[in-house]
J.: 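Sharing a structure with you now.
Predicted, not measured: the structure shown is a model, and the values here were computed from it.
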Amino acid sequence: MAGAEAKTFDDEPQITDFNGYEIRIEEVFRFNPEDTLVFHVTLRNKSEHPIRYLPESFCVRVGNRLYYQSVSDAPGVLPPHAASTVYFAITGTPDGGRNELTLKNEFSVSVSRLPSPPPSTASTPPALPPQSPPPQTAMTPEQEARARQTLRRAIAELQNTNAPSAKQISP
């Protein structure tokens with residue numbers, strides 16, 4: 001794809017461990033014209049209980065800065081002893097500027113976890129606790145549409161490409 005780079009983490013996995021679960025970065029794609037990085041990660045639940053999280057709360061730490069997602073494709077629940085593939089994109093910076101992140105950065109991914117619901121005998125599902133939303137990325141509707149389109153393009157490219165030689169991997 002023109003204007004796109006990719007990096008896989010097979011040899012040097014970048015894993016953020018949260019005791020009961022971990023987030024492993026599988027691949028990162030950089031779409032320079034859109035100033036967007038698309039992350040392909042695996043969430044793995046190491047516990048006996050389901051883990052609930054806010055799918056709209058993914059963020060990446062690079063050095064001492066946090067970059068919040070612009071869009072994600074994530075289920076929000078991770079069953080016990082299971083893994084889930086998640087995609088999310090980071091576009092620009094919270095103040096509307098370019099993030100200019102490179103694939104050479106050291107990334108640490110996190111997500112806001114929801115408390116586990118208490119055991120209940122009632123048939124009504126428990127209400128979600130109020131959560132503070134992640135900081136807005138100051139995106140215009142057009143920028144958000146481009147970020148969603150970029151995320152869909154990266155996911156489609158991954159699903160259509162099974163041969164390792166088809167991926168352009170940057171050092």
J.: Looking only at heavy atoms, what is the nearest atom pair of Ser110 and Ile23, with distance?
T.: CA-CD1, 4.0 Å
J.: Aromatic rings Phe88 and Phe39: how do their planes relate, parallel, tilted or perpendicular, breaks at 30° and 60°?
T.: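 Ring orientation, 0 to 90° scale: parallel.
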J.: To check you understand the geometry: which heavy-atom pair defines the closest contact between Leu78 and Ala83, and what is its length?
T.: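 Closest pair (atom of Leu78, atom of Ala83, distance): CD1-C, 4.0 Å.
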J.: side-chain hydrogen bond (donor to acceptor under 3.5 Å, both in side chains) with His81: which residues, sequence neighbours excluded?
T.: Glu48
J.: Looking at Gln14 and Ile25, would you say the former's side chain and the latter's main chain have a donor-acceptor pair under 3.5 Å?
T.: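 Between the backbone of Ile25 and the side chain of Gln14 there is no qualifying donor-acceptor contact (under 3.5 Å).
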J.: Can you tell me how far CD of Gln69 sits from OH of Tyr87, rounded to the nearest 0.5 angstrom?
T.: 15.5 Å
J.: Looking at every heavy atom in both Pro115 and Arg52, which two are closest together, and how far apart are they?
T.: O-NH2, 2.9 Å
J.: So, for Asn45 and Gly20, which heavy atoms are closest and what is the spacing to 0.1 Å?
T.: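 Smallest interatomic distance, heavy atoms only, reads OD1-O, 3.5 Å.
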J.: Step by step, would you call Val28 with Phe9 a side-chain contact (heavy atoms from CB on, under 4.5 Å)?
T.: CA-CA 9 Å; Val28 180; Phe9 294 88; 3.5 Å; yes
J.: Once rounded to the nearest 0.5 Å, what's the spacing between atom CG of Asn99 and atom CG of Leu37?
T.: 5.5 Å
J.: Grab the two heavy atoms, one from Thr93 and one from Arg98, that are nearest each other, plus how far apart they are.
T.: CG2-O, 3.5 Å
J.: Is it the case that the side chain of Tyr21 and the backbone of Arg44 share a donor-acceptor pair, with hydrogens and angles ignored and the cut-off at 3.5 Å?
T.: no
J.: Can you see which heavy atom on Val109 is nearest to which on Thr16, and at what distance?
T.: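 Closest pair (atom of Val109, atom of Thr16, distance): N-OG1, 3.3 Å.
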J.: Starting at CZ of Arg61, measure out to OH of Tyr67 and round the result to the nearest 0.5 Å.
T.: 11.0 Å
J.: Are side-chain heavy atoms of Pro50 and Pro79 found at a separation under 4.5 Å?
T.: no
J.: Is it the case that the side chain of Ser72 and the backbone of Pro55 share a donor-acceptor pair, with hydrogens and angles ignored and the cut-off at 3.5 Å?
T.: yes
J.: Residues in side-chain contact (heavy atoms from CB on, under 4.5 Å) with Asn105, at least two apart?
T.: Val62, Leu101, Thr102, Phe107
J.: For Glu106, what residues pass the side-chain hydrogen bond (donor to acceptor under 3.5 Å, both in side chains) criterion, not counting sequence neighbours?
T.: none
J.: Output all residues satisfying salt bridge (Lys or Arg N to Asp or Glu O under 4.0 Å) with Asp73, sequence neighbours left out; order by chain, then residue number.
T.: none
J.: Using modelled atom types only, decide if a donor and an acceptor are shared between the side chain of Thr36 and the backbone of Thr91 within a distance under 3.5 Å.
T.: no
J.: Under the rule for salt bridge (Lys or Arg N to Asp or Glu O under 4.0 Å), what residues qualify as partners of Arg30, not counting sequence neighbours?
T.: Asp35, Glu100
J.: Apply side-chain contact (heavy atoms from CB on, under 4.5 Å) to residues Val111 and Phe18 and explain how you reach the verdict.
T.: CA-CA 10 Å; Val111 65; Phe18 296 97; over 6 Å; no
J.: According to side-chain contact (heavy atoms from CB on, under 4.5 Å), who are the partners of Pro13, at least two apart in sequence or on a separate chain?
T.: Ile15, Arg24
